J.: 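What follows is a structure written as structure tokens; I'll ask about it next.
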Amino acid sequence: MPQILSMPSHRIWVKFILLCLLLMGYFAYLSYEYNILTGGVTAALTWSFFVLCTPIADAGFLLDFPLRLLFGVRMVLSEIVVWILAISLNIYAYFDADTYYRTTALTRVFYHILSTPIPYWSVIFLSAIGTFLSVRFGDELLDVVHHHERDFFHSHKLKYYLIITVFFGLLVLTYYKLIASLNISILL
């Protein structure tokens with residue numbers, strides 16, 4: 001097993017723990033502000049917003065990267081599970097518990113995105129493309145770190161970086177235009 005997969009670095013654990021503490025702190029704040037059930041559901045909806053509406057695997061980082069480092073599970077596979085969980089949560093909440101979307105500014109925007117398929121489901125579609133491409137690219141990078149294909153990768157590195165930079169630039173520009181059409185500030 002490659003060394004990078006068998007021994008996660010200290011910095012990765014620190015980032016993971018800080019991210020978990022941030023999520024727990026957010027849950028504690030919402031639970032104090034409302035109640036435990038509302039705090040839990042709103043924290044879960046906020047997590048699912050970051051899964052479904054951002055074009056990188058930021059919320060999935062809580063599962064993807066640690067599972068890859070500890071058990072060798074490909075990040076693409078764990079991200080599929082993350083998306084299934086996020087979509088399932090929102091199907092339930094949207095149809096049976098939509099009042100939870102009214103608790104924070106972020107969940108209100110999320111509800112607006114979910115309730116307006118055209119054009120705002122494009123945000124989710126673009127986020128899926130960006131997320132799965134970034135996770136796929138991350139998996140490939142981890143694969144070539146200690147693999148015989150690393151010479152091929154390094155010889156074509158500039159071409160990969162250029163293609164990815166242009167694609168993500170276009171994706172982020174389109175994403176930003178859609179978010180701007182919601183007439184909200186990115187910094188709620």
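Computed from a predicted model, the values in this text were never measured in an experiment.
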J.: To the nearest 0.5 Å, tell me how far E33 CD sits from T104 OG1.
T.: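 Here the interatomic distance stands at 11.0 Å.
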J.: Return the orientation label for the F110 and F49 ring planes: parallel under 30°, perpendicular over 60°, tilted otherwise.
T.: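 Perpendicular, since the angle between the ring planes exceeds 60°.
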J.: Quick check against the 3.5 Å criterion: does T38 have a side-chain atom that pairs as donor or acceptor with the backbone of N35?
T.: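 Judged by distance alone, no pair lies under 3.5 Å.
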J.: Is there a path from I36 to W47 through hydrophobic residues (I, L, V, M, F, W, Y) whose side chains come within less than 4.5 Å of each other?
T.: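 I36 does not cluster with W47.
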J.: Specify the closest pair of heavy atoms between R108 and R102, including all atoms of both residues, with the distance to one decimal.
T.: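 The answer is NH1-O, 3.2 Å.
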J.: Specify the closest pair of heavy atoms between Y94 and S115, including all atoms of both residues, with the distance to one decimal.
T.: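 Closest pair (atom of Y94, atom of S115, distance): OH-CB, 3.3 Å.
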J.: At their closest point, which heavy atom of V51 faces which heavy atom of T131, and how far apart are they?
T.: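 Taking V51 first and T131 second, the nearest heavy atoms are O-OG1, 4.4 Å.
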J.: Would a single hydrophobic cluster contain both F95 and L89, if residues Ile, Leu, Val, Met, Phe, Trp and Tyr are joined by side-chain heavy-atom contacts under 4.5 Å?
T.: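 Cluster IDs for L89 and F95 match.
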J.: Is there a path from F50 to Y92 through hydrophobic residues (I, L, V, M, F, W, Y) whose side chains come within less than 4.5 Å of each other?
T.: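 Different clusters: F50 never reaches Y92 through Ile, Leu, Val, Met, Phe, Trp or Tyr contacts under 4.5 Å.
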J.: Which ILVMFWY residues can you reach from Y29 by hopping between side chains whose heavy atoms are under 4.5 Å apart?
T.: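 When side chains under 4.5 Å apart are linked, the cluster holding Y29 also contains Y26, L30, Y34.
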J.: So which atom in S48 and which in L45 form the shortest heavy-atom distance, rounded to 0.1 Å?
T.: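 Shortest heavy-atom separation between S48 and L45 comes out as OG-O, 2.8 Å.
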J.: Can V82 be reached from V76 by stepping across I, L, V, M, F, W or Y side chains whose heavy atoms are under 4.5 Å apart?
T.: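 Yes; tracing contacts between hydrophobic side chains, which count when under 4.5 Å, links both residues.
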J.: Is it true that M24 and I17 fall in one hydrophobic cluster, defined by side-chain heavy atoms closer than 4.5 Å?
T.: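 Hydrophobic grouping puts M24 with I17.
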J.: With heavy-atom distances below 4.5 Å as the criterion, would you say the side chains of Y100 and L37 are in contact?
T.: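 Sidechains of L37 and Y100: in contact.
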J.: Side chains of W121 and L52, heavy atoms from C-beta outward: is any pair under 4.5 Å?
T.: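 Contact flag for W121/L52 side chains = no.
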J.: Give the C-alpha distance, both sets of side-chain angles, the deciding distance and a yes or no for side-chain contact (heavy atoms from CB on, under 4.5 Å) between E79 and F132.
T.: CA-CA 8 Å; E79 190 65 26; F132 284 100; 3.7 Å; yes
J.: Can you see which heavy atom on S127 is nearest to which on C53, and at what distance?
T.: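 Reported closest heavy-atom pair: OG-C, 3.1 Å.
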J.: Classify the angle between the aromatic ring planes of Y120 and H112 as parallel (below 30°), tilted (30 to 60°) or perpendicular (above 60°).
T.: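 Because their plane-to-plane angle lies in the 30° to 60° range, the rings of Y120 and H112 count as tilted.
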J.: Enter the distance from Y111:OH to T99:OG1 here, rounded to the nearest 0.5 Å.
T.: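 Going from the OH atom of Y111 to the OG1 atom of T99 covers 10.0 Å.
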J.: In this structure, which one of L114, V41, V109 forms a side-chain contact (heavy atoms from CB on, under 4.5 Å) with Y101?
T.: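 Running side-chain contact (heavy atoms from CB on, under 4.5 Å) over L114, V41, V109 with Y101 returns exactly one hit, L114.
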J.: Considering only heavy atoms from C-beta outward, does the side chain of P55 approach that of L126 to under 4.5 Å?
T.: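 Side chain of P55 against side chain of L126, heavy atoms only: no contact under 4.5 Å found.
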J.: Heavy atoms, side chains only, cut-off 4.5 Å: are L22 and L18 in contact?
T.: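 A side-chain contact is absent here, since even the closest heavy-atom pair is not under 4.5 Å.
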